[in-house]
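Protein chains get the first letters and strands the later ones, always in sequence-line order, with residue 1 at the start of each. Just so it is clear, the model here is predicted, and its values are computed rather than measured.
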There are 2 protein chains.
Amino acid sequence: MFIEINPHDETPIYTQLMYQIKKNIVLYGDSLEKDLPSVRSLASDLGINMHTVNKAYNRLVEEGVLSKSKRGYFIQEQSSLIQHENVKEAMLEKLTQIQIDADIYGVSEQTISEWLESIKIQMKEEVEK
Amino acid sequence: MFIEINPHDETPIYTQLMYQIKKNIVLYGDSLEKDLPSVRSLASDLGINMHTVNKAYNRLVEEGVLSKSKRGYFIQEQSSLIQHENVKEAMLEKLTQIQIDADIYGVSEQTISEWLESIKIQMKEEVEK
DNA sequence: TAGTTGTTATATAATGAGTATAACACATAA
DNA sequence: TTATGTGTTATACTCATTATATAACAACTA
């Protein structure tokens, strides 16, 4: 797990953490340990509070990304299409906002595609380091 | 101006208002009155507070979408490419999150395109009503 | 037994969102 | 000139969220 938290970012720490974990799963998939670090150890490593990690973990369980047992949290193996309507709604909300901003700022469809492409490339580069 | 505020939505009222105004400009462009309703009248119409409208208006001024004078706020004519770095950063942040969620939930690139297309169609339908 | 897991409970602080009034300066229309 | 309507500023209050800090608990494990 390679996790970076930006304390100056306006997005909440637990949200950043959720996306960092998802990103790790996407990038390193099967080569990752199924067991996640305990809430206390990860919190200690990142210099944040235990409950903040716990919140991120539990949200990911609700989204179906993680599972939990009394032994700890671990990655939920799945090629599950979106079964959680909330996630889809959140994606649609973001897409709508992006579309409106693109329209009003004259950002072309092609530019959006290029941005998306560079995001993917950037992620692939991270995995090769 | 056709503005809808959803009080049950988790996104702040002033943010919803910002996007509703942008949406109006995108959809109805030149046929819109340049002058915006006063902060008090719009607040009254929507059943919300004056300062909430004021916040949305001023954010849009910062983004370059609106202008203001002592007479009131009005739509800023411009086909300005993104001069405000903050807006681009916000769009990239959203795009990154969408990309990660799409990857982890197995939402294909084509599906994303289809969602975007239906968003556009839906917006066009609104203008024809 | 000792240590680690997640869980629960309390408490506190900081911030953001939203509302509620009030007063002010300035411009405009009567 | 007066009245009204602009945006602006200031103050105060509520509420929810975020984040932290401790502490204690039950259950599992070495």
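The line from CG of A:Asp45 to CZ of A:Arg40 is 14.0 Å long, rounded to the nearest 0.5 Å. Here A:Gln122 contributes atom CD and B:Thr96 contributes atom OG1; the two are 7.5 Å apart, rounded to the nearest 0.5 Å.
As a whole-Å value, the separation of A:Ile48 CD1 from D:dT20 C1' is 11 Å. Protein atom CD of A:Glu10 is 17 Å distant from nucleotide atom C1' of C:dA14, rounded to whole Å. One interatomic measurement links the two molecules: CG of B:Leu60 to P of D:dG7, which rounds to 14 Å at whole-angstrom precision. Rounded to an integer number of Å, the gap from CG of B:Leu42 to C1' of D:dG7 is 14 Å. Protein atom CG of A:Asp35 is 12 Å distant from nucleotide atom P of D:dT29, rounded to whole Å. Distance, A:Leu46 CG to D:dA19 P: 13 Å, rounded to whole Å. The separation between B:Leu17 atom CG and C:dG18 atom C1' is 13 Å, rounded to whole Å. In this entry the distance linking CG of B:Asn49 with C1' of C:dA22 reads 13 Å, nearest Å.
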Open item on the list: Please evaluate residues A:Asp103 and A:Gln99 with respect to the criterion side chain to side chain donor-acceptor pair (under 3.5 Å), reporting the C-alpha separation (whole Å), side-chain torsions for both, the decisive distance (0.1 Å), and the verdict.
Closed with: CA-CA 6 Å; A:Asp103 281 338; A:Gln99 179 61 41; 3.3 Å; yes

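A sub-4.0 Å separation between OP1 or OP2 of C:dT4 and a side-chain N or O of A:Tyr73 is absent. Distances shown here put a side-chain N or O of B:Ser38 below 4.0 Å from the OP1 or OP2 atom of D:dT6. Taking only side-chain nitrogens and oxygens, B:Asn54 never comes nearer than 4.0 Å to OP1 or OP2 of D:dG7. A sub-4.0 Å separation between OP1 or OP2 of C:dA17 and a side-chain N or O of B:Thr52 is absent. At the phosphate of D:dT6, neither OP1 nor OP2 sits under 4.0 Å from any side-chain N or O atom of B:Lys68. B:Ser69 has no side-chain polar atom (N or O) that falls below the 4.0 Å cut-off from OP1 or OP2 of D:dG7.
Residue pairs satisfying the ring pair (Phe, Tyr, Trp, His ring centres under 6.0 Å) criterion with at least one member in residues 42-74 of chain A, sequence neighbours excluded, are listed as follows: A:Tyr57-A:Tyr73. Residues in residues 106-115 of chain B take part in these salt bridge (Lys or Arg N to Asp or Glu O under 4.0 Å) pairs, two or more places apart or across chains: A:Lys120-B:Glu109. Residue pairs meeting the salt bridge (Lys or Arg N to Asp or Glu O under 4.0 Å) criterion with at least one member in residues 14-33 of chain B, sequence neighbours excluded: A:Asp101-B:Lys22, B:Lys22-B:Glu63, B:Lys23-B:Glu126. Listed by first and then second residue, the ring pair (Phe, Tyr, Trp, His ring centres under 6.0 Å) pairs that reach into residues 2-40 of chain B are B:Phe2-B:Tyr28, sequence neighbours excluded.
Side-chain contact between A:Ile98 and B:Leu95: present, with at least one pair of heavy atoms (C-beta onward) separated by less than 4.5 Å. Taking 4.5 Å as the limit, every side-chain heavy atom of B:Leu17 sits out of range of all side-chain heavy atoms of B:Thr52.
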TODO: Spell out protein contact along nucleotides 23-30 of chain C as letters: B when the base is contacted, S when just the sugar-phosphate is, - when no protein heavy atom is under 4.0 Å; keep the 5' to 3' order.
DONE: B--SS---

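For the pair B:Asn58 (side chain) and B:Asn54 (backbone), a donor-acceptor distance under 3.5 Å is present.
Distance from the side chain of B:His51 is smallest for D:dT9 among the nucleotides C:dT8, C:dT7, D:dT9.
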Just the atom pairs and distances: protein N or O near nucleotides 13-18 of chain D's N or O, under 3.5 Å.
unit_1, atom_1, unit_2, atom_2, d
D:dT18, OP1, A:Tyr14, OH, 2.7
D:dT18, OP2, A:Tyr14, OH, 3.4
D:dT18, OP2, A:Lys55, NZ, 2.8

